[in-house]
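Worksheet: one structure, shown below.
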Amino acid sequence: MKKGLVTNLLLLLLTCSNTLHAQFKPPTGPVFDAMVKAYVASFSTGETDGVKAQLPAMEKAFPGHPYTIFFQAFYQHASGNDLQAAMKGYSDAIRLMPEFSDPYVKRASLFADRGMYERAVADIDKAILAEGKNADAGMYSDRADFKMAANDVAGAFEDMKRAISLAPSVARFYRGASNIAFKLGNQAAMEPLFTTALNGTQSGNGEIHMEYATYLMRSQQLDKAGSAYKKAMAGAGFIPTSKDYNTAGIIAYKLKDYPAAALLLDKGIALDGRDADMICNRASVAIDQQKWEEVYQYAQKALAADAKNASANMMMAIGIKRTNRGDALAASYEAKAKQFEAGN
């Protein structure tokens with residue numbers, strides 16, 4: 001189940017509009033509050049033990065209530081115990097309280113897991129309709145994912161644009177939109193989205209500068225990409241991930257700024273020494289610098305991370321040959337590289 005499927009449940013639970021079915025009053029009191037707290041905590045932790053612990057009290061205090069049914073279904077779903085029961089529970093909660101958006105969103109993820117993407121999209125449609133003006137960016141992002149799976153690429157891009165408009169500070173929405181734009185063959189459609197953000201309220205958002213750098217690199221706008229990654233690294237509060245360092249390192253390498261590329265990639269490797277591809281990128285820098293012993297050393301690290309990585313085996317072949325460790329041994333690694341590249 002995707003952790004990103006977080007909707008305005010709290011707003012619904014705590015305010016509960018007058019459009020709810022008259023036979024159900026919104027739960028109140030410490031039992032309900034404890035369940036809400038456990039439910040919300042599960043979004044970030046991925047743990048459902050808290051929800052499970054609160055269910056008996058919830059079932060006793062509010063038997064048959066749509067919220068109780070929903071929480072029961074959510075526990076079965078998130079814990080993977082009984083997905084069929086989860087599907088039924090979400091459907092029952094929807095039948096009893098069709099204005100409640102979360103059951104639609106959660107049921108959509110179950111449909112998607114079963115490859116029923118059109119039904120997943122239909123459920124998110126209903127969730128957005130139920131929320132009206134309160135529909136959040138996550139709903140549009142989720143619907144974009146389902147539309148992509150259903151081959152509605154243009155519709156997915158429109159949804160990601162909507163997600164960005166609702167939450168312009170969230171970098172992953174720009175990443176998703178960029179991926180879709182490239183899929184459409186219309187990557188230029190991203191330019192106004194990045195321009196609006198980075199020339200406006202998100203000018204200091206390092207994560208979005210990094211997404212822009214990635215977009216520019218993929219678009220072969222290397223000089224601009226170099227400027228963008230430097231702005232990202234200088235962003236206040238921006239803590240680069242290993243993938244960010246890898247991206248920045250690749251850009252610097254393409255710009256032939258080998259010292260910067262080496263430094264950036266080494267920082268990425270220090271954060272994640274199991275990423276064989278990133279280590280191979282670092283070996284590539286050493287090749288261009290003709291630092292053959294470094295090529296050999298990084299090839300060793302890459303192979304330790306993934307012995308079946310084709311690039312790692314080729315880097316080892318180069319490193320062995322260039323450091324005169326044996327032509328036959330180099331040839332054996334080159335053969336392995338070709339084997340793994342072919343998928344054998």
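Sequential numbering from 1 along the given sequence is applied to the chain's residues.
Listed for the Arg143 side chain is no donor-acceptor partner under 3.5 Å among the backbone atoms of Ala122. With hydrogens and angles ignored, the 3.5 Å screen pairs a side-chain donor or acceptor of Ser109 with a backbone N or O of Lys106. Under the 3.5 Å distance criterion, the side-chain polar atoms of Ser141 are left unmatched by any main-chain donor or acceptor of Gly138. Using a distance-only test at 3.5 Å, with no hydrogens or angles considered, no donor-acceptor pair links the side chain of Ser227 to the main chain of Asp223. The closest donor-acceptor contact from the side chain of Asp142 to the backbone of Ile124 lies at 3.5 Å or more, if one exists at all. Side-chain N or O atoms of Asp123 include none that pairs as donor or acceptor with a backbone N or O of Val105 at under 3.5 Å. Formation of a donor-acceptor pair under 3.5 Å by the Ser219 side chain with backbone atoms of Gln221 is not found in this model. No donor-acceptor pair closer than 3.5 Å links the side chain of Asp152 to the backbone N or O of Met148.
In this structure, a donor-acceptor pair under 3.5 Å is absent between the side chains of Glu131 and Asn134. Judged purely by distance below 3.5 Å, without hydrogens or angles, the side chains of Thr214 and Arg175 never pair a donor atom with an acceptor atom. Asn246 and Arg282 form no side-chain donor-acceptor contact under 3.5 Å, judged by distance and modelled atom types alone. With hydrogens and angles left out, the side-chain atoms of Gln76 and Gln72 include no donor and acceptor closer than 3.5 Å. Between the side chains of Asp288 and Tyr258, at least one donor N or O sits under 3.5 Å from an acceptor N or O.
By the 30° and 60° cut-offs, the orientation of the rings of Tyr39 relative to Phe43 is perpendicular. Classification of the His65-Phe62 ring pair by plane angle, with boundaries at 30° and 60°, yields perpendicular.
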- [ ] Walk me through it: do Glu158 and Lys161 pass the test salt bridge (Lys or Arg N to Asp or Glu O under 4.0 Å)?
- [x] CA-CA 5 Å; Glu158 291 304 313; Lys161 285 171 59 179; 3.7 Å; yes
Open item on the list: Walk me through whether Trp292 and Tyr296 qualify under side-chain contact (heavy atoms from CB on, under 4.5 Å).
Closed with: CA-CA 6 Å; Trp292 306 116; Tyr296 177 75; over 6 Å; no
- [ ] Report the C-alpha separation of Phe146 and Tyr117 in whole Å, then their side-chain angles, then the decisive distance to 0.1 Å, and conclude whether the ring-ring contact (aromatic ring centres under 6.0 Å, His included) test is met.
- [x] CA-CA 6 Å; Phe146 301 145; Tyr117 302 114; 7.3 Å; no
Task: Worked check of ring-ring contact (aromatic ring centres under 6.0 Å, His included) between Tyr174 and Tyr215 - done: CA-CA 9 Å; Tyr174 295 85; Tyr215 158 78; over 10 Å; no
- [ ] Might you work through the side-chain contact (heavy atoms from CB on, under 4.5 Å) test for Phe340 and Asn309, ending with a clear yes or no?
- [x] CA-CA 7 Å; Phe340 294 133; Asn309 185 287; over 6 Å; no
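Side-chain contact between Asp82 and Met87 is absent, with no heavy-atom pair separated by less than 4.5 Å. A heavy-atom distance below 4.5 Å is not found between the side chains of Leu166 and Asp136. Between Ser101 and Met139 there is a side-chain heavy-atom pair separated by less than 4.5 Å. In this structure, Tyr253 and Asn281 have side chains that are not in contact, with every pair of non-hydrogen atoms separated by 4.5 Å or more.
By the 6.0 Å and 45° rule, Arg162 stacks over the aromatic ring of Tyr140.
Separating the CE atom in Met233 from the CE atom in Met210 is a distance of 3.5 Å, to the nearest 0.5 Å. Phe71 contributes atom CZ, which lies 10.0 Å from atom CD of Gln54 (distance to the nearest 0.5 angstrom).
Two rings, from Tyr104 and Tyr90, have their centers 6.0 Å or more apart.
Here the closest non-hydrogen pair linking Ser42 and Phe74 is OG-CZ, 3.4 Å. Contact record, Ile69 with Gly64: CD1-O, 3.7 Å, taken as the closest heavy-atom pair.
For Lys254, the side-chain contact (heavy atoms from CB on, under 4.5 Å) test picks out Met217, Leu222, Ile250, with sequence neighbours left out. Not counting sequence neighbours, Glu207 has no partner by the salt bridge (Lys or Arg N to Asp or Glu O under 4.0 Å) test.
Screening Ile279, Ile287, Leu303 against Tyr298 for a side chain to side chain contact (heavy atoms under 4.5 Å, CB included) leaves a single residue, Ile279.
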Output side-chain donor-acceptor pairs under 3.5 Å for residues 234-245, partner residues at least two apart or in another chain, one line each.
| unit_1 | atom_1 | unit_2 | atom_2 | d |
| --- | --- | --- | --- | --- |
| Thr241 | OG1 | Lys243 | N | 3.3 |
| Thr241 | OG1 | Asp244 | N | 3.1 |
| Thr241 | OG1 | Asp244 | OD2 | 3.2 |
| Asp244 | OD2 | Thr241 | N | 3.0 |

